[in-house]
Amino acid sequence: YNYKGLVNAFNALPLEYLFPASLEDIRAAVHRTLAAERAVRVEVHLSLDERRRRGFLFVVMPRERYGEEVRERLERRLRALLGVNYLDHRAYLGNYGMAVLHFYFTSREAFPSLDQRELEETLLGAARGWRDRLREALLRSLPQEEALLRYRRWGQAFSPRYQVSTDPRRAVEDIAHLEELRADAPLRYDLYRDEEDLQTGTVKLRIYEPENLTMTDVLPVLDNFGLVVINAFTNRARWGEGRVYFLDTFRFRVDGMEGEEILEQREALLEALAQVFSGRVANDRLNRLLLPGRLDARQVDLLRSYQAY
């Protein structure tokens, strides 16, 4: 670490923390601050006194991610986890695009005996926004250079509605399909289940589109495959100077089949949908044989030929 960075990190610590804190605790708080600045990420450091009735929480984050919503979320989490009865906070805006948020809190009774590392992980989750979790999910899934490139392209592309309803791990898959559209691929398709589907026995089909399809374009095709659509919604992803891609999602069931049975034929269904939408395969009710018959598009098309003959 350079000298100036160490000094700035130390100066961000409040005096009321420095006097009772141990040298090891101060060192940990300074290093967390420097790590956050170097990696442009969120870091937390929790310090509790020996009697476990007084504590400090330090949260370091990029300045543009700091806001009242984050502070209030952390306050609620502290009160819920530790039974805090008094809490005060202070924000320090550094010179290098970082914000440092200090919380001082006390309790009439000793704080619960929870593992400090787990506490810090829980508080870190409360401090991170959706975009932070997206960045981490990309870094876990891809080589660092590619992950950061995709984060720069798509990190701000999604609406608040999408962020509320979509786990960042799911967004990594969506971004992979959007990358294909960006490279002038035709429509892309994906089939998956989330928590909602596991509870209701449904499956989700997501279609990625450079130009938005209408429901009258899509629903007759899905009906001919025997997909009973329960609801549908559209999200948009904005890339670059206003280019918009569309993500149409259909939650469906198939009579007589469980969700996992449908997923077992994921590749066959997606390939058949792609062939129908491209016009290479007919859009008719023979396609209903594909899922229950465990067929692929070529086999259904062969039956279509026999029928015509």
With sequence neighbours excluded, give me every side-chain hydrogen bond (donor to acceptor under 3.5 Å, both in side chains) pair touching residues 203-213.
Arg170-Tyr208, Asp174-Arg206, Asp174-Tyr208, Tyr192-Arg206, Asp194-Lys204, Glu196-Lys204, Asp197-Lys204, Arg206-Thr249
Glu195 and Gln199 side chains, donor-acceptor separation under 3.5 Å
no
Got Arg131 and Gln156 here, is their nearest side-chain heavy-atom distance under 4.5 Å?
yes
Could Asp49 and Arg51 be called an ion pair, given the rule that one side-chain N must be under 4.0 Å from one carboxylate O?
no
Arg133 bridged to Asp167 by N-O distance under 4.0 Å
no
Anything under 30° is parallel, anything over 60° is perpendicular, the rest tilted; go ahead and classify Phe103 against His89.
tilted
Tell me, please, which residues at least two apart from Glu136 pass side-chain hydrogen bond (donor to acceptor under 3.5 Å, both in side chains).
Arg128
Determine, step by step, whether Arg117 and Glu120 satisfy the salt bridge (charged side-chain N to carboxylate O under 4.0 Å, His left out) criterion, reporting the C-alpha distance in whole Å, the side-chain angles of both residues, the deciding distance to 0.1 Å, and the verdict.
CA-CA 5 Å; Arg117 186 180 295 248; Glu120 288 186 339; over 6 Å; no
Fellow cluster residues of Val244, listed by chain then number, with links counted only when side-chain atoms sit under 4.5 Å apart
Phe246
Taking side-chain hydrogen bond (donor to acceptor under 3.5 Å, both in side chains) as the definition, give me every residue that meets it alongside Arg193, ordered by chain and number, with sequence neighbours left out.
Glu260
Between Asn283 and Asn224, a side-chain donor and acceptor under 3.5 Å:
yes
Give a yes or no on this: more than 12 heavy atoms of other residues, nucleotides or ligands lie within 6.0 Å of atom CD of Glu180.
yes
Output yes when Asp255 and Arg253 qualify as a salt bridge under the 4.0 Å nitrogen-oxygen rule, no when they do not.
yes
Look only at the side chain of Arg53 and the backbone of Arg108, and say whether a donor-acceptor pair between them is shorter than 3.5 Å.
yes
Group every Ile, Leu, Val, Met, Phe, Trp and Tyr by side-chain heavy-atom contacts under 4.5 Å, then state whether Leu181 and Leu270 land in the same group.
no
Does any non-hydrogen side-chain atom of Leu227 lie less than 4.5 Å from one of Val221?
no
Who else is in Leu148's hydrophobic cluster (ILVMFWY, side-chain heavy atoms under 4.5 Å, direct or via others)?
Leu139
List the atom pairs, with distances to 0.1 Å, where a side-chain N or O of residues 292-303 and a protein N or O form a donor-acceptor pair under 3.5 Å, not counting sequence neighbours.
from   : atom 1 : to     : atom 2 : distance (Å)
Arg294 : NH2    : Glu264 : OE1    : 3.1
Asp296 : OD1    : Arg298 : N      : 3.2
Asp296 : OD1    : Gln299 : N      : 2.8
Gln299 : OE1    : Asp296 : N      : 2.9
Asp301 : OD1    : Arg304 : NH1    : 2.7

Taking the side chain as every heavy atom from C-beta outward, state whether Phe111 and Thr106 have any atom pair closer than 4.5 Å.
no
Distance-minimising heavy-atom pair for Ala282 and Val276
O-CG2, 3.9 Å
Less than 4.5 Å apart, side chain to side chain, heavy atoms only: is that true for Arg76 and Arg79?
no
Evaluate Leu178 against Arg182 for side chain to side chain contact (heavy atoms under 4.5 Å, CB included), listing each step before the verdict.
CA-CA 6 Å; Leu178 291 168; Arg182 198 180 65 84; over 6 Å; no
Among Val229, Leu205, Thr202, whose side chain to side chain contact (heavy atoms under 4.5 Å, CB included) with Arg251 holds?
Thr202
For Arg169, does the CZ atom have more than 12 heavy-atom neighbours from other residues, nucleotides or ligands under 6.0 Å away?
no
Is a donor from one side chain sitting under 3.5 angstrom from an acceptor on the other, for Arg161 and Ser159?
no
Strictly distance-based, threshold 3.5 Å: is any side-chain N or O of Gln265 a donor or acceptor partner for the main-chain N or O of Leu290?
yes
Is there a side-chain contact between Val59 and Val100, using heavy atoms and a 4.5 Å cut-off?
no
Could you tell me if the side chain of Leu263 sits less than 4.5 Å from the side chain of Val203, heavy atoms only?
yes
Is there a donor-acceptor contact under 3.5 Å from the side chain of Thr166 to the main chain of Gln163?
no
Between the main-chain N or O of Tyr162 and the side-chain N or O of Ser165, is there a donor-acceptor pair closer than 3.5 Å?
yes
May I ask you to decide if Pro112's main-chain N or O and Arg52's side chain share a donor-acceptor pair within less than 3.5 Å?
yes
Testing the basics here: between Ala171 and Leu134, what is the closest heavy-atom pair and its distance to 0.1 Å?
CB-CD1, 3.9 Å
Among Asn231, Ile230, Leu219, side chain to side chain contact (heavy atoms under 4.5 Å, CB included) partner for Phe250
Leu219
So do Ser107 and Asn85 actually touch side chain to side chain, heavy atoms under 4.5 Å?
yes
Quick check: do Phe252 and Val228 have side-chain heavy atoms less than 4.5 Å from each other?
no
Ring geometry between Phe58 and His45 (parallel below 30°, tilted from 30 to 60°, perpendicular above 60°)
parallel
